[in-house]
Amino acid sequence: MPDLRLSDLSVTPAGARRPVVDRVDLDVPAGQRVLLVGPSGAGKSTVLRALAGLLEDDVDARGEVLLGGRPARPGEVGLLLQDPLDTVVAATAGRDTAFGPENAGLPREEVWRRVAQAHAAAHHVAGRDRDVATLSGGERQRLALAGALAVQPSVLLLDEPTSMLDAPTAARVREAVLRAAAGRTLVVVDHDLAGWAPHVDRVLVLGRGGLLVADGAPADVLAGSRALPADGLWLPGAPAPRPVDVPAGLLAPQLAVPGAATGDALLTGRGLGLVRRRRGLRPAPPATVLHGVDVALPAGRSTAFTGPSGSGKSSLLAVLAGLARPTGELTAAPGLAGGLPPQPWRWRSRELAARLAWVPQFPEHTFVRATVREEVAATPLALGCPGARGEQLLELLGLAHRADVNPFRLSGGEQRRLALAGALAAGPAVLLADEPSVGQDRGTWAVVAGLLAAAAREGVAVGVSTHDERLLRVLDGPVVALRGGTRVAGVAA
Amino acid sequence: MSRDGTPAAVPSGVPSGVHRTVHTPVDEAVEKPVDGAGEAGAAVDGPVDAGVPPTPAQLRSAAPGPPVRSCGPLSLLAVSLLCALGALAVDDWQQAAVALLVQLLCLPLVVGRGASPGRRLVPLAVAALSVGWSTVLAGDSDEPLRTAATAALRLVVLVLPGVLLLGWLDPGEAGDHLAQRLRLPGRVVVAAVAALGQLATLAQVWDQVAAARRVRGLGAGRSPLSRARWAASTAFGLLVDAVRRAGRTAVAMDARGFAAAGVDAPRSWALPAPWRRADSVLLAAGALVAAVPLLVRLLG
Amino acid sequence: MSTTLTRSSSPGRWRTVDLVTAAVLGVAFGVVFWGWAVVYAALSPVFAVLAPLSGLLGGVWLLPAVVGALVVRRPGAALLAELVAASVEALLGSHWGVGVLVSGAVQGLGVEIAVAVFAWKRWGVGVAVLGGVVAAVLEGVYELFAYFAGTWTLGFQVLYVACFALSGALVAGVGGWALVRALARAGALGAFGAGRELHRRG
């Protein structure tokens, strides 16, 4: 089996002055398992794509990657990406896995032999005839793994393969990856240092500026963690950062809700249900995503919504935000509704925006303006009450220096923070945030956690869906645990 | 049931179009499906089925449904086009009526269990009415109502077969046939099929963008102008996502050798694209139906 | 630039990202057309009085072809994007049945003609407008012939095509060009010429 060798890699994106990856040399002996970590924006994915020979041809890339002393042939290096939704190319699981063998021009019988082998190796047990649209997140990622294995690569590269999954599912996918990687060279990029470290031979740390700052056995690298960028990595065992202080009054609701003493519910749901209808022609069976959920969102508290992916957290948040019409009874307190009908889904856009805010789970495509500054000002302007809150929020969230940038150009973590700033800028009385702490490093996590806690202190009714144990401890409010669309007792992980 | 407790996906008589999982606004807020008990049993190796699986048309044949379910994409497309072409011969409402009657007589062959044409026909009705009405308004005729009826019926004759037949078209299967039978460039066909597979995801993105705008006070207003502006800015959010997504999908495809497909060896196809007897029957019958307007015109 | 790090591309062969972007743009516009149908329905009563003016709304249907051409900049990109968008409509059940596929081909070809006139070298607002106009005229004539059976008076027919062409020039041409620029500003077109030109200027 050949060794993988990357020599003197420097990559400068089009239009950028400084390289994202700066003179990185990397020798990976055949069969070694390597974990590559670093703060967001350190160029980890760029290194991985260079190893796969798949950098865009518009970047300025110098250096060379060789497999066994020669350029890799197509299919010799397999690559698994973060979001398995982007990897799917066909309608059924089997046909999707067949894509690589088809590209290689293999005969039909051999194609399907490869598919069967790859499904077994990747633990894709949903079957080859399964409609890919019905796969769960974990099943999808295992199918993506099968797709990579079907071309029988000797090197397997993984770009944050578990970051979109909840912890138990991530663990199962990791197990499938590690089994499938037996006898292959493996290079993994992931934030989950604790999850991967026990299973790899070597940990590489990329620092800000794209330089390699640490390289060694997992135990050695973690022991020398003082040398590592402290706010950039979630090291195993390190304590949660302290939420930052937020100036008093910054997050006070613009709409004074009369009679809403701390603890009164601003939104109350009884027997909430939501049936997912299929928009399309052929009626697929509608799926019940929420069923009989009782919930109250008290002013001045942070209510946490927990449960595995698919348990209905996001749907419940969207229902509370007046974005979908549920069955059952959803009522806003008279003080909040202020003369409007009590059901938020009946409110008009501006009426809704004057009362509540919602931060979607994937905010990357929901921006409404062409610069960060305008983005934060958009809702206050639409409501006719511009103010300085937005600028202050940008400052707090570390986005002030990016104020003139197009929101779509921000990094994932920055976009999430901007969405939070945009939601808070108009001073809502209710804040509903869907997984707000995902993708933040220690520094920005402390700001997000601080803002959520401060909003509750100012009397906002905060609702947060999260997997993040650290955030749950900071919020310190009622917990609504969901499973399969219904409320269950206790705190579900 | 498959062994992980989830229902095994047995494609039913319903053709698996691109609209399988297109959801209503915010219905699941892009939540991934349940990763629950199903994952628990995943550590067991299942029996592997290594043969070449049946084609979508063979699967449809095995399930109940109207006879047309056994047809492949090329005959469906060809007959749809032929019928549209045939309708161009209509120049009187009686010809159109006869042609429509013949088409309606063939209806049981095309619709039945597993295919509900109702909602597909709504746009057709709207189109027919608008064509008829505009002909009354803009027409150049001594008998405006008669001309309008002709134009509206002619449109129904032109559109109806395609609307019903294309409901049976499976994009992936169409790709196989276009590339293997009609020899269209393989990579183009595969890219188009992969893109069509993203329809459900992109529709969800649209819903997300629309929801975010609503909650931020930028929802669609009442006036047509504000609606148009709303549609334009929502569309922009969707397009940004689409182009980004396309870039990531292209990387994933190239990682599986798509860039070099067909360079050294011709790209192969996991499933064959057979022209079956049902296709010949449909083509013959369809050609006859398509010729009805012309025949009535010549005979009448 | 190293050949082992980047995806191999030869000038004649479409890169994967070209193919997939053109096709996914087509699908995205297929989704946009649903949204547009809502607006269209809201506006149609306006045109109950003077039917040929409905051509003013037609430019929207030409956007996939113009945007596909301006983003990907290869012969055939407009056709691919427009045909995929039309396929989405056809699969979902369009007003015009299989006719929508013919429309897709006609509109795509219209834009292809315009970019071919400039030998696939110019991608500015002028080409976009020309593409919109050619596509609109072809599509307008096709619709009058196929759907309206040539029953309108000549004056109304000319008015319809003129309205369509105006809409093609403004909505599809100028609008499509502006859309591509906005996409480039949003950093979505890094892999394409339109995105790179922005960097060179900025």
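Naming convention: chains lettered A, B, ... in sequence-line order (proteins, then strands); numbering from 1 in each chain.
For CZ of C/F118, the number of neighbouring non-hydrogen atoms (other residues, nucleotides, ligands) closer than 6.0 Å is greater than 12. Crowding of A/R18 atom CZ: a count of heavy atoms from other residues, nucleotides or ligands under 6.0 Å not exceeding 12. Residue A/R5 places its CZ atom among 12 or fewer non-hydrogen atoms of other residues, nucleotides or ligands, all under 6.0 Å distant.
For the options A/L66, A/L54, A/V405, heavy-atom pairs under 4.5 Å to chain C are most numerous at A/L54.
For C/W177, there are no ring-ring contact (aromatic ring centres under 6.0 Å, His included) partners at least two apart in sequence or on another chain.
Shortest non-hydrogen contact noted between A/R409 and C/R185 is NE-O, 2.8 Å.
Heavy-atom distances place the side chain of A/L9, and not its backbone, under 4.5 Å from chain C.
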